[in-house]
Structures are given as C-alpha cells and as structure tokens.
Amino acid sequence: MQALKGFKDILPDEVVIWQRVEEKARDIFQRFGFEEIKVPILERTELFARSIGEATDIVEKEMYTFTDRNGESLTMRPEGTAPVLRAFIEHALHLRRPVSRLFTIGPMFRHERPQKGRLRQFHQLSVEALGADHPRLDAEVIAMAWLLAVELELTVSLELNSLGCPECRPDYRRQLVDYLQARREQLCDDCKRRASSNPLRVLDCKSANCRRINADAPSILDALCGPCRQHLEAVRHDLDALAIPYRLNPFMVRGLDYYNRTTFELLTDALGAQSAVGAGGRYDGLIKQLGGQDLPGIGFAMGMERLVLLIQERQQITPVGPDLFIACLGEPAAAYGFTLLHQCRSRGLRAAMDLQGRGLKSQMKQADRLGARRVLILGEDELNQGRAVLRDMTDKSEKSVVLSDDQGELLSALAGTN
Ligand code: HAM
C-alpha cells in the first residue's frame, strides 16, 4: 500500500523542521497581535465557489468535492481564507475587537499536478486581518510575512500589485479583453478560453507566446481610480519606511477571484517552477459576499512544504536528543532505572533507556545514536554503593553522583542540560 499521488508522509526528521517553522510563525504572528483559530477541513462546496470564484482553476478543476450521505455537496478546503471568514461571520467575531487578527495552520487540498513544492495535500500558515481598510494594515501584514521569511533566514523577493476595485477594474477588464481578443489566435488554448471568462489570469500564463503578448498588454496600474492609486501609494510609502524592498509587478494576478487593491507574493528562485513561498492580498467585499457585515480584510498564506524545502536545502537539522540516557546492567538496575526514568520525565527532562536488556556497549551505541547528552551508568555495584557515574557525551567527562530517593544530586547535575 502506498500513499496517494501528491499526498506525502512527513517523517520524523522532517517534522523537526516543521515544528521549527510553526514555532517561529506562531511567535511572530503573536508579536503582531494575531490569534490562532482552528476551522474544519470540510465545508459546504458553495462556500468556496462563492469566494474563490466559479471561473478559477481551483473551483473549476482542483477541488476535492463529494456528495455526503445526506446528499449535500462538500469540499475539502483548498485554502484557509473562506473557512476563517465563515467562522468570523458565524461567531460574530467582529464584536470582539475592532480589527480581528486571526491565523490558522493546517492542511489544504487541491487536485493539481504534483511536482517539487506542489502537492495535492499541502499545508498553509494562513493569516487574515479583518475590519480595517487602512493601507497601513496592508503594510503591516506584508511586513509580518516578510519578517517570517527574514527570521527563517530565507532569501525571498517581494512583488506588489494593485488589482483595483469594483469602480476601476471593470474598465480595465474591458481594455484587457479588447486587447486579448485582437490577439486571440496567438494565445495558448487555455488562454483563448480565459480571454473572455477570466482575462486577468492570461497575464499570469507561463507559455512563451502568451508572455510575449502580455508584455504589451494594458497595465492595471494605469487604470486605477484615484482612491485605489492613493491606497497603493500609501502602502508603498509605509513599506519604504520599514525598509522592506519590493518590486511593483502589474502583471501579478492571483488564482483566486476575491482580491481587490493590494496583492503581493513572496518569491524564491530556489524551487524551480514553484516560485511562490507565500501570497495574499486585500479582499474588501468578501465578508459581505459571504453573508456577513460589509467589512474589509487582508491576508496571506505561506506554503509550509515550500518553507521546509528551502530550509532543508540550506541546512541539516538534527532532532533534539535525550538529556539523559540511563544505561542499566542487570534486572535490579533496570527496575531502579525504570522508576528513575519516569522521575526524570516528570521533572521535564527528555530521558531514555533500553528495555531489551542489551549489553553496556550496545546501550552506549544506542545513546550515541539518539544523540543523548549524558549517560548514567547503573549496575549492581552502583545500587549497593548508592552512587553512579554520569558521563557527558560531548566532552566525555565523568562525574560521580549520589543516588537518593529524590535524586536531587543527579537532577541538579542535569539541570544545565535543558
Ligand atoms: P494561494 O496563492 O492559492 O493563496 O496559496 C498561498 C500559498 O500556498 C502559495 O504561495 C504556496 O506557497 C502555497 N500553495 C498553494 N498551493 C500549493 C500546493 N498545491 N502545494 C504546495 N503549496 C501550495 C491562498 O490560498 C489564499 N487563501 C491566501 C490568502 C489568505 N489571501 C488572503 N488571505
């Protein structure tokens, strides 16, 4: 039996890196006042169709959708924004705080063609700030994504765009449709279809012909209305003030329809075709569209697998070994060692011992393989004398410690290792 294509087991050595990334993300998000929320993996299909957009690749061909036993159409979430907004509306979270700052971490599902950094079950750190439309919030959210990349020591570049608003985008869309229709024959098959159904997506096409045509396409930045232009200028001003470098990319469009105004991506050139480590933008209007109040919002998501791949390419991370390995010779020592093992663990130490009655040499090998920092050697003599040798595995120094009911001397000798 093998895992499904595009579904990956994350083995213990890799989990160590996952934990590090999650720990760093939680730390930074909390510094910015974001709170964790957990939302279900299954939702009604309609939630995603209404938010991500019927004409997007995600909704058209990538969702894991099925009819459940009650005849209801359900979908395994392809992204985190829609479920978090659904929960925000359902629990009236706007009453808790003027701006709700929420993040969630977990698996998402898209039936895409798997390749390096692209899976069918992948994981996102997904962040939403709901309730304010001030451009400073955009800069703050982008700064948070940026800081996470910086503190994970990743080399990424930031691209920024504005997709306008319902006032100015329809005009731009018309200009773009006219431009694309006049060149329709030269577009790839996918883009021939998109040119009328989802013309902005054409700007994102990777095929050489489409890219050539896109290079001269009208730019959304020239079509922005006054307020959208001012919003973008203010975001840029604040990013400059925070010394966060970015490139304006008027051809950056997103695979989800709910965005307006600010959009951004954090890119890497270290993962081949999968260059986006994280991406997001503003979605004023979406909360209302989903049945909530007319509140604005902005957010982003980072791909865990991509972050982990980048870290793995840079450095080897070894799992943390036990603080103490208890090597025992003979059953009385093993019985004593077993209670000591539990005592150490109850005091917050990572402790291990062999349960198979192996010889001292192979126990020492095992301690070494586990990366134990210290080894306590217990035999019959040690039990009789009430003293045992504590060996430091790094500098090989040894120290004699008194064995007592509360193991005070041993525990204080170990205290520095935590
Ligand atoms: P997205 O651009 O679809 O946006 O995904 C965000 C990130 O998730 C991508 O930049 C990438 O790192 C990762 N990702 C996406 N698909 C895959 C995949 N198949 N395999 C591995 N990683 C993947 C969203 O999902 C929006 N909900 C982000 C957002 C939040 N916008 C506002 N708030």
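Here, residue 1 is the first one in the sequence, and each next residue gets the next number. Whatever order the structure lists ligands and atoms in, that order sets their numbers, starting from 1.
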Quiz prompt | Working for salt bridge (charged side-chain N to carboxylate O under 4.0 Å, His left out), residues D240 and R236 | solution = CA-CA 6 Å; D240 290 341; R236 295 181 64 180; 5.8 Å; no
Please report which non-hydrogen protein atom sits nearest to [atom], along with the residue it belongs to and the distance in Å to one decimal place.
atom: atom 27 (N) of ligand 1; answer: E79 OE1, 2.6 Å
atom: atom 33 (N) of ligand 1; answer: E128 OE1, 2.8 Å
atom: atom 19 (N) of ligand 1; answer: E112 OE2, 2.6 Å
atom: atom 20 (N) of ligand 1; answer: L119 N, 3.0 Å
atom: atom 13 (C) of ligand 1; answer: G303 CA, 3.7 Å
atom: atom 7 (C) of ligand 1; answer: A301 O, 3.6 Å
atom: atom 30 (C) of ligand 1; answer: T81 OG1, 3.0 Å
atom: atom 2 (O) of ligand 1; answer: R254 NH2, 2.7 Å

Quiz item: ligand 1 versus L256, non-hydrogen atoms closer than 4.0 Å: side chain, backbone, both, neither?
Solution: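 Only the side chain of L256 comes within reach of ligand 1.
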Exercise. Determine whether the side chain, the backbone, both or neither of R120 has a heavy atom under 4.0 Å from any heavy atom of ligand 1.
Key: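 Neither part.
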Self-check item: Polar contact flag for A276 and ligand 1 (N/O pairs, less than 3.5 Å)
Solution: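 By distance alone, the answer is yes.
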For [X], is the nearest heavy atom under 4.0 Å from an atom of ligand 1?
X: G117; value: yes
X: H123; value: no
X: V127; value: yes

Ligand 1 atoms in contact with [X] (distance to a heavy atom under 4.0 Å):
X: G280; answer: 31 (N)
X: G278; answer: 10 (O)
X: V277; answer: 10 (O), 12 (O)

Considering only NZ, NE, NH1 and NH2 on the basic side and carboxylate oxygens on the acidic side, decide whether [X] and [Y] come within less than 4.0 Å.
X: E14; Y: K8; answer: yes
X: R101; Y: E36; answer: no
X: R201; Y: D204; answer: yes
X: R50; Y: D257; answer: no
X: E35; Y: R96; answer: yes

Quiz item: What do the steps show when you test E140 against R136 for salt bridge (charged side-chain N to carboxylate O under 4.0 Å, His left out), and what is the final call?
Solution: CA-CA 6 Å; E140 192 189 353; R136 194 149 278 158; over 6 Å; no
Looking at non-hydrogen atoms alone, which of [options] comes nearest to [atom]?
atom: atom 5 (O) of ligand 1; options: Q124, E265, Q121; answer: Q124
atom: atom 3 (O) of ligand 1; options: R110, K8, E305, E62; answer: R110
atom: atom 31 (N) of ligand 1; options: F300, Y259, Y283; answer: Y259
atom: atom 14 (N) of ligand 1; options: F122, Y258, F109, F103; answer: F122

Quiz item: Hey, are the side chains of R110 and Q121 touching, using non-hydrogen atoms and a 4.5 Å cut-off?
Solution: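 The answer is no, as the side chains (C-beta and beyond) never meet within the 4.5 Å cut-off.
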Quiz item: Picking from T262, T263, D138, what satisfies side-chain hydrogen bond (donor to acceptor under 3.5 Å, both in side chains) with R282?
Solution: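 Answer after filtering T262, T263, D138: D138.
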Self-check item: Evaluation steps, salt bridge (charged side-chain N to carboxylate O under 4.0 Å, His left out), between E90 and R86
Solution: CA-CA 6 Å; E90 188 170 331; R86 197 246 334 113; 2.9 Å; yes
Quiz item: Any chance NZ of K116 has more than 12 other-residue heavy atoms, nucleotides or ligands included, within less than 6.0 Å?
Solution: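 Atom NZ in K116 is packed in, count exceeds 12.
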Quiz item: Can E265 and R247 be said to form a salt bridge (charged side-chain N to carboxylate O under 4.0 Å, His left out), step by step?
Solution: CA-CA 10 Å; E265 290 189 344; R247 188 176 83 87; over 6 Å; no
Self-check item: Ring-ring centroid check F34 F103, cutoff 6.0 Å
Solution: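 No; F103 has its ring centre 6.0 Å or more from that of F34.
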